[in-house]
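Report on the following structure.
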Protein chains: 2
Amino acid sequence: MDTTQRTDQQRSADRRRRELLEAADRVVLRDGPQASMNAIAAEAGITKPILYRHFGDKGGLYAALAMRHTDALLDSLRAALDAPADRRERVEATLDTYLTAIELRPQVYRFLMHPAEGGQPGDQGFDVGKHSAPLLRRMGEELAQVIEERLDLGPGGQQLARVWGHGIVGMMHAAGDWWLGERPCSRAELVRSLADLLWGRLAAAGDRVGGPGF
Amino acid sequence: MDTTQRTDQQRSADRRRRELLEAADRVVLRDGPQASMNAIAAEAGITKPILYRHFGDKGGLYAALAMRHTDALLDSLRAALDAPADRRERVEATLDTYLTAIELRPQVYRFLMHPAEGGQPGDQGFDVGKHSAPLLRRMGEELAQVIEERLDLGPGGQQLARVWGHGIVGMMHAAGDWWLGERPCSRAELVRSLADLLWGRLAAAGDRVGGPGF
DNA sequence: AGACTGTGTTACCGCAAGTAACATGCATGT
DNA sequence: ACATGCATGTTACTTGCGGTAACACAGTCT
């Protein structure tokens, strides 16, 4: 048996799996994360047990679905992070890439950030609590790696890079979530404000007259 | 009718509501956010319909529960934020207060950050997606207000303060979530690393030899 | 032909959210 | 004293989901 050569059946199964994922994608994007397995099966033109044979349980399906989108988003973020420009420009490009993505496809974003749904007690599929939002964790780790590779942070730099990776990703996420809901300013302004924050403007700002500084 | 004077019945109902919330608290802290209404009712020594009369639906109960803990946490954060010290010390004290809280009561933390559970299709109670994590939003707004009151940020300062408020809260949250799961370092180190990030060390760091800067 | 495997179905279980419909203690108005 | 209301409590039910068992039908290999 050649392990690299895939049999026809394997390829057929993979193709089917992709079709099912695309159907699930349509339903989840239409109905939100509480889309039922029945609805997904109907969209795919089949019935429930097939979904369960392919993905185990709802958590498995959602994890597979999330993986696709997460991979796609991470690819575009990596591209922005690796662009030939100086540090500030890269940071702004990365922020802008992320914000553009969530702005263009808010439904995908909602699904990725709040995948913990349908939590029956028997639902051992997703394990909420251990990895709240896999996307955030993965982005944090990737950013940490880039920071650690590119910046000279002295002793303890690796750990510092990880803290910063997760912290910056969290900053981007929370600000983006809030911005997406309220739209208080343009995307460019948001990018600039966040980059300013990362560039130490918080520490550099002067106190307001009449009181102690923050 | 005096609107400020509460009748005996009102006071009794309020007391009962508090008792129910405390029972719910015990169950949620024991079983996680997927605790069933039946289990909560049993813990309180009553049956389901009473819970529904008091809180409408599961979302209402969880919202009330979250409000209690959120208020408590926000109070302690405000205290740290208002301490008589310089800016850096206050930032570190606030970070430390938050991290201590989530470290001491991780179950409460999990509940507050991932309240969207048991999402049946009929569950119109919580409206996931509109307000993902009420705690984060409230912390962001409060911090924004403090920043705007205390710092002189020039024109557009109010908007900048809101972006920063939500961004900093998100940074704290994501880093805390990651730290709570992996415990890669002590709390003090984490606080210091995050404060360093806010103080612009990212921009000030030198490039690594052999490649362009991040 | 007959066994095996992948794909599909119907019909069902268990369980949780949420809802009548009915019972009961207790204060009040006449 | 007695009926009226009202809050508080119950049992029993419906609905709808996740998940599974059991069965049915194609193609393929020996």
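Just so it is clear: chains get the letters A, B, ... in the order the sequence lines come, proteins before strands, and each one is counted from 1.
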I'd like to know if B/Arg53 reaches the base of D/dG9 with its side chain such that a donor and an acceptor end up less than 3.5 angstrom apart. yes

Report the distance from atom CG of B/Asn38 to atom P of C/dA17, rounded to the nearest whole Å. 7 Å

Check the distance between C/dT7's C1' and A/Glu19's CD and give it to me in whole angstrom. 13 Å

Sugar-phosphate only, base, or nothing, as touched by B/Thr47 at under 4.0 Å among non-hydrogen atoms: base

Euclidean distance, atom OH of residue A/Tyr52 to atom P of C/dG8 [Å, nearest integer]: 17 Å

In whole angstrom, give the distance that lies between atom CG of A/Leu51 and atom P of C/dG8. 11 Å

When rounded to whole Å, the CD1 to C1' distance for the pair B/Ile40 and C/dG18 reads 14 Å

Any luck finding a side-chain donor-acceptor pair between B/Glu189 and B/Ser186 under 3.5 Å? yes

Name the residue closer to the 5' end of DNA chain D, choosing between B/Ile46 and A/Met37 according to the nucleotide with the nearest heavy atom. B/Ile46

What's the CZ-P distance between B/Arg15 and D/dA7, to the nearest Å? 17 Å

Take atom CD of B/Gln34 and atom C1' of D/dG18, then tell me their distance rounded to the nearest Å. 15 Å

Rounded distance (Å) that lies between atom C1' of D/dA21 and atom CD1 of A/Ile50: 15 Å

Where the side chain of B/Lys48 is defined as all heavy atoms beyond and including C-beta, which of C/dT9, C/dA17, D/dT20 is the nearest nucleotide? C/dA17

Taking OP1 and OP2 of D/dG9, is either one under 4.0 Å from a side-chain nitrogen or oxygen of B/Arg16? yes

Which listed nucleotide (C/dT10, D/dG9, C/dT19) is nearest to the side chain of A/Pro49? C/dT10

Face-on cation placement of A/Arg187 at A/Trp179 ring, 6.0 Å and 45° thresholds: no

A/Ser36 side chain: which of C/dG18, D/dT20, D/dC17 is closest? D/dC17

Tightest non-hydrogen contact, residues A/His166 and B/Ala174, listed as O-CB, 3.4 Å

Checking only heavy atoms, does the side chain of A/Lys58 share a donor-acceptor pair with the base of D/dG19 at less than 3.5 Å? no

Salt bridge check, B/Arg78 against B/Asp75: does any charged N sit closer than 4.0 Å to a carboxylate O? yes

Parallel, tilted or perpendicular for A/Tyr98 and A/Tyr109, by the 30°/60° rule? perpendicular

